[in-house]
Each structure stands twice: as structure tokens, then as C-alpha cells.
Amino acid sequence: MIAINGQRLVSDLKALARFGRVGTGVNRPVFTPDDVASRHWLLERMQDAGLDAVIDGIGNVYGRTPKVSRSVLIGSHTDSVPNGGWLDGALGVLYGLEIARALIEAGDASESGVDVISFADEEGRFLGTVGSRVFCGEVVPADCAGVLSADGTILAEALEQAGFAGRPLARLEPARHQGYFEAHIEQGPRLEAETKRIGVVTAIVGIRRARVVFGGQADHAGTTPMDMRRDAGSALIEFAHDVAARFRNVGSTDTVWNFGSIAFEPGAANVVPSGAELMIEFRDSSLGVLDRLEQAIAAAAETVNEADKVSCRVEPVMALEPTAMDEALGTVIEEAAEMCQAPAIWMPSGAGHDAMVLGRHLPTAMLFIPSIGGRSHDIAEDTDEADIVLGAEVLAEAVARFLA
Ligand SMILES: [Zn+2]
């Protein structure tokens, strides 16, 4: 058992939330002055806890338990989206800090301990999850030095200004790091709806996007009889209904999809649309299901083309593979939750996380706690204090079991 101090954890979370505070949330995109100040604050908290801590050459804040040869890595990110919530990734980082601190305080003399990390730029002001990708050796800062943020800042210059450029890089050590745990708020409404307090993540879903382009013919919307039109707009609307029906048939219970944007040409009330464009995004944790959904879109497009009035072309835009979490490590969290009288449910993560990157390199598991009203990426984001503390207790128990 690792006896964490729930009050100290909550007061650390509140102290961190002062950096970039906006109402009840925080505005802390990576390498803004508030983010840089919060990294120095975290570095000091790690050092106070007795960890060997550094801020590395990509801005990761990394604290190692001294004098151990093996460790569990616990982390997430402390950067936020513009005007984001106070918990998001900060929760998982400060869980790690509290658990490492509690273990050191207990005078644990074993060969294994806890290392803690806050990965830079999970939210992608420059390049999403760049901190964890550098940590895992997938990229080096020089590869992405020229990446521009939406506000026109160059990554290399932001690192220089923050004072982190050229510093040594913290790296994953396969012989040392036995597993990676990331706790996070759910950022959705499922735990709350099922009145559960702990979620164990099965997988981080894969995402695919496609642009569907329809070609018809512009005609007078008053004089052209309905059956003589080549109406790209109506074809798009029918296509979208058809795709949704097919998705319900071939998707899993966790499949989600979004018709996120449509555009008609020329886009006038009295002109039959000559062209139309639809963006579809769909997510699932199974590669097989993602393939079936893609085939469903192709079949719906075929139906449009066979009618021979409007052309329909599907262009894949983006594909991100799902990342399965480690089942054995997840089971450790499930057992820990049981032990803390908070039976967990298994669920996919519909959002991306650093665990997606770490999961490619070492056994990785994620724990979710509820988000009030499912709100996230907004200053309205919040979680009951009792759930925040319970989550840390469950993770501490899981870490103790794993290290044992
Ligand atoms: Zn996050």
C-alpha cells in the first residue's frame, strides 16, 4: 500500500491552476510564459519531493526516484488548450508526483520506485504529443524545429526563449521503465451516466477522416423539374443518411462518427447545387471495425454513382491507428479499484493522449475519473474532489501491486 495525502494532492492541483488562470480554467498552451513558469514550479515540487528532476531539451519535466534500478513511469501533460480546464493532463502528472512523494516519504528501500513526467505540447500548439515522442526516441527536436504554431511562432524559437533549447533529452530506458500509467479525466459523460467513478481504458481509438466530393449540374431551381436535376446537394444529404444507417449496422457499440462540415456550390437558394463536399470523421478502437466503416462509405458512394446523376468521390484525408492498452496492466488498475470499493468499467478513450505514444514502447495503462457533465477542453471542466482523491488512491494501489 502507498499512503497518499489527498489534501496535499488537491492543494498542488490548485496551486498549478494559478498559472494562466482564466476564471475556473487555465490558458496554458505550451511555452507561453505561464506554461514555462508552471514547468519551473513543477520542477521545484519534484525536487522538494526528493526526485532527481530536470526540464529537458523539449521542455519535458522529468523527475526520477534516486537509487533505484527499476521504476514505474507515471505522467501526462501540464500544457492546456487555449482557455482549457484546470485538470485535463495536470491531474495525471500530479498523481505521479504525489505517489512518488508518498513512496519516498515512507522510506521505501526497495530496488524499484516511481518516475514522474510532464510531457510537452500534448495539446499540439506546435506538434501534438511531441514531448512523449521525443522521450520515446521517435523524433528529435531538430526534426521539428521549424514547426509553426497557429500564431506564427517557430518551435525552435519558443524553446530558445523558454531557455530549454539544447538541453540534454530525457529518454525512455527499457531496462528501468517497467510500465507507464497515465491517469486522466474522462473528458466525456460515460462514467457519470453509469454512476461509476473509475474507468480502465481498453484502447485509444483510431481516427479516420474522409472528404466526399459530389459533382452535379447547376440549374434554375424554379424551372428544372425534380426528376431532371443533377442535384449534388440532395445527393450529399441522402448519402449522409445512408452512411449513418450503414455505420449503425457495421459499427461497434463504441463507434462514433461526425459529419463535421458540408459545403454546397454555388450555395444559393435559387440554384440547384452543382457541387457539394462533406467531411466525415469516424473513430473506433478496432482496426477491423474501422475498415468496415470505410467500406460502408465506399458502398454508399457506389450507390450514388450507380444512379448516374451525380458523381461521388471519396478521398481519405487522415488515418490514425488505434492503440491498445496493456490488458495485464489495466487489470492491475481494475483490481486496485475493486480494493478501493470503486468497481471500474472498461472503456475506450475517444481522445488522444501521451499514452498513445508510450503504448508503442512499453506496457501502458490508463485510468479515467469522471468529468462533471462530461465537459472538457473548456474552463467549465471539473471533477468532484472526492473523485480526484479516489483516483489517486486507486492509482497508488495499482502502482504498489505492480511494483510488488
Ligand atoms: Zn489531456
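Whatever order the structure lists them in is the order used to number ligands and atoms, beginning at 1. This is a predicted model, so every value here is computed, not measured. Sequential numbering from 1 along the given sequence is applied to the chain's residues. When reading the values below, keep in mind they use all heavy atoms of this one structure, side chains included, and skip hydrogens, waters and symmetry mates.
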Problem - Member of Glu192, Lys196, Met347 meeting the side chain to side chain contact (heavy atoms under 4.5 Å, CB included) criterion with Glu186 - result: Met347

Problem - Contact check: His184 to the Zn ion (ligand 1), N/O/S below 2.8 Å - result: yes

Practice task
Decide, counting backbone as well as side-chain atoms, whether Glu123 has an N, O or S atom less than 2.8 Å from the Zn ion (ligand 1).
Solution key: no

Handout entry: Opening angle at the Zn ion (ligand 1) [OD1, Asp88; NE2, His77; to 10 degrees]
Key =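 Rounded to 10°, it measures 100°.
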
Exercise for the section: Evaluate the side-chain proximity of Asp284 to Val205: yes if any heavy-atom separation is below 4.5 Å, no if none is. Expected result: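 A side-chain contact under 4.5 Å is absent here.
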
Problem - Lys/Arg-Asp/Glu bridge criterion (N-O < 4.0 Å) met for Arg70, Glu111 - result: no

Exercise for the section: Would you check if the distance from the ring center of Phe181 to the ring center of Tyr95 is below 6.0 Å? Expected result: no

